[in-house]
Amino acid sequence: MAKIQLNGRKLELNSKYSISSLLKKYKINDKKIAVELNGKIISRNKYKLIYIKNKDKIEIVHFIGGG
Amino acid sequence: MKKDIFKVGNQILKSRLIVGTGKYKNFKETAEAVKASGASMVTVAVRRVNILDKKKPLLTNFLNPKTIKYLPNTAGCFNANESLRTLRLAREMGGWKMVKLEVLGDKKTLYPDMIETLKATKVLVKEGFKVLVYCSDDPLLAKELEYLGASAVMPLASPIGSGQGIQNKINLSMIIKNAKIPIIIDAGIGTASDATVSMELGCDGVLVNSAIAKAKNPVLMAESFKNAVISGRQSFLAGRMEKLNFANASSPLKGLI
């Protein structure tokens with residue numbers, strides 16, 4: 001089990017998740033976002049390779065309207 | 001006459017009007033206003049995905065980044081590091097190299113923090129970004145941004161979202177005359193005539209958000225801005241008449257009965 005922080009929200013993941021499977025769980029299109037793991041940007045081709053660990057801080061961002 | 005081309009960084013933009021995509025009722029209205037404005041580039045913000053709301057509409061579904069250029073901004077960032085983090089994420093998202101840097105110094109005025117802005121500009125240029133920089137209307141700092149390698153300098157007309165129009169024509173004119181890179185007037189434009197006056201001052205482009213989004217009819221206002229910018233640019237290129245202190249009759253006196 002991993003206790004993580006996702007977009008500022010505390011979560012517990014029961015099974016092992018890669019970034020890719022975490023995105024699938026939340027139905028997020030991986031082509032329209034960027035992911036930061038513990039302050040480091042993760043490139044898209046590594047989503048399947050990196051697994052989420054206890055105490056990880058993840059940020060998933062996208063574009064919204066802005067000036 | 002030579003073709004009038006608007007080039008920023010390595011991009012040729014069809015319109016000298018760049019529009020923001022914030023403050024609209026919904027994405028449908030945003031898309032309609034952008035279309036009516038004729039803009040080929042829009043600013044967008046980077047924010048957290050709402051992980052709990054799976055049905056939330058996406059901006060990219062209404063404004064296709066393949067047909068309209070996205071200019072990611074750093075709105076809401078109050079220091080160089082926050083803005084660098086935001087723009088690096090934006091680049092990761094879609095390879096955007098052309099970005100708008102906006103480092104704010106104060107929540108009430110949203111006035112740019114120029115010390116942090118200069119710092120961030122330096123780093124972004126080094127990292128290969130094409131940076132369009134929101135800045136104060138200080139002619140020396142605008143020139144400094146050019147020296148640092150900014151692709152365009154974007155001085156404010158008046159505070160962000162205030163709709164107060166151009167408050168310091170003299171400074172803006174000095175910035176424009178001194179610059180070798182495009183000057184885009186950003187922030188504070190309230191109505192179409194402000195955009196025309198900006199273009200008549202000789203700036204290269206105008207960035208407008210609130211004046212369109214907060215108009216009673218945003219789509220119509222967007223079209224009005226499109227015409228205003230074209231009109232102002234043509235007027236600048238045509239070269240205005242000399243101002244005289246006294247009247248000068250338009251009809252000839254010869255042959256007067």
Side-chain angles (χ1 to χ4, degrees), chain A, chain B residues 18-24 26-27 29-31 34 42-63 65 70-76 81 85-86 88-96 100 102 110 134 160-161 186-187 207-213:
Chain A
M1 191 157 73
K3 284 185 183 176
I4 62 157
Q5 203 171 305
L6 176 60
N7 282 4
R9 186 178 288 272
K10 283 181 181 153
L11 287 175
E12 285 187 21
L13 298 175
N14 293 318
S15 52
K16 219 175 169 192
Y17 276 96
S18 65
I19 291 175
S20 179
S21 51
L22 186 75
L23 294 173
K24 268 195 200 116
K25 176 181 158 77
Y26 288 102
K27 294 194 167 61
I28 296 167
N29 181 343
D30 70 357
K31 290 186 178 64
K32 292 182 172 176
I33 51 118
V35 176
E36 190 191 75
L37 176 65
N38 303 324
K40 222 179 118 192
I41 294 172
I42 306 296
S43 47
R44 199 164 284 142
N45 55 16
K46 291 196 175 136
Y47 289 171
K48 279 188 180 155
L49 307 173
I50 294 176
Y51 282 83
I52 288 152
K53 305 179 306 302
N54 198 30
K55 290 186 181 167
D56 273 351
K57 275 188 186 170
I58 304 160
E59 294 284 350
I60 304 171
V61 297
H62 65 165
F63 286 130
I64 64 151
Chain B
I18 301 166
V19 295
T21 55
K23 292 185 177 171
Y24 286 93
N26 50 44
F27 286 150
E29 190 186 69
T30 314
V34 169
V42 296
T43 57
V44 293
V46 176
R47 290 291 181 272
R48 281 173 168 164
V49 171
N50 183 349
I51 49 170
L52 297 179
D53 185 0
K54 286 164 190 162
K55 284 185 195 133
K56 210 170 193 255
L58 292 171
L59 179 69
T60 42
N61 292 342
F62 290 81
L63 284 173
Y70 273 27
L71 181 68
N73 73 15
T74 61
N81 283 339
R85 182 187 184 198
T86 302
R88 286 168 183 152
L89 280 163
R91 179 169 59 181
E92 180 57 32
M93 239 181 296
W96 279 273
K100 176 187 165 184
E102 169 178 328
L110 297 181
Y134 167 64
I160 293 176
D186 181 9
L207 201 164
V208 182
N209 191 158
S210 304
I212 297 174

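From a predicted model like this one, the values you see are computed outputs, not experimental measurements. Scope of the values below: all heavy atoms of this structure, side chains included, with no hydrogens, waters or symmetry mates. Lettering of chains follows the sequences in order, A, B, ..., and the numbering in each one begins at 1.
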Would you mind checking which part of [X] comes under 4.5 Å of any heavy atom in chain A, side chain (CB onward), backbone (N, CA, C, O), both or neither?
X	result
B/Ala187	neither
B/Leu52	side chain
B/Tyr70	side chain

Between [X] and [Y], what is the shortest heavy-atom contact and its length?
X	Y	result
B/Trp96	B/Pro65	CZ2-CB, 3.8 Å
A/Lys48	A/Ser18	O-CB, 3.9 Å
B/Leu58	A/His62	CD2-ND1, 3.5 Å
A/Lys3	A/Glu12	CE-OE2, 3.5 Å
A/Tyr47	A/Ile42	CE2-O, 3.5 Å

[X] versus chain B, heavy atoms under 4.5 Å apart: side chain, backbone, both or neither?
X	value
A/Arg9	side chain
A/Ile28	side chain
A/Ile41	side chain

Are the side chain of B/Thr21 and the backbone N or O of A/Gly66 linked by a donor-acceptor pair below 3.5 Å?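 Yes, B/Thr21 side chain to A/Gly66 backbone: donor-acceptor pair under 3.5 Å.
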
A/Asn38 side chain to A/Asp56 main-chain N or O, any donor-acceptor pair under 3.5 Å?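 Pair absent, no side-chain N/O of A/Asn38 close to backbone of A/Asp56.
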
What option among [options] has the most heavy-atom pairs under 4.5 Å with chain A?
options	answer
B/Leu89, B/Asn73, B/Val19, B/Thr60	B/Leu89
B/Val208, B/Thr43, B/Ile18	B/Thr43
B/Gly22, B/Ala45, B/Gly161	B/Ala45
B/Arg91, B/Glu102, B/Arg85, B/Lys23	B/Arg85

Contact leader toward chain B among A/Lys31, A/Lys25, A/Glu59, A/Lys27, where contacts are heavy-atom pairs under 4.5 Å: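 Ranked by heavy-atom pairs under 4.5 Å with chain B, first place is A/Glu59.
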
For A/Phe63, is the NZ or CZ atom of A/Lys32 found under 6.0 angstrom from the centre of its six-membered ring and inside 45 degrees of the ring axis?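 The answer is no; the distance or angle limit is not met.
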
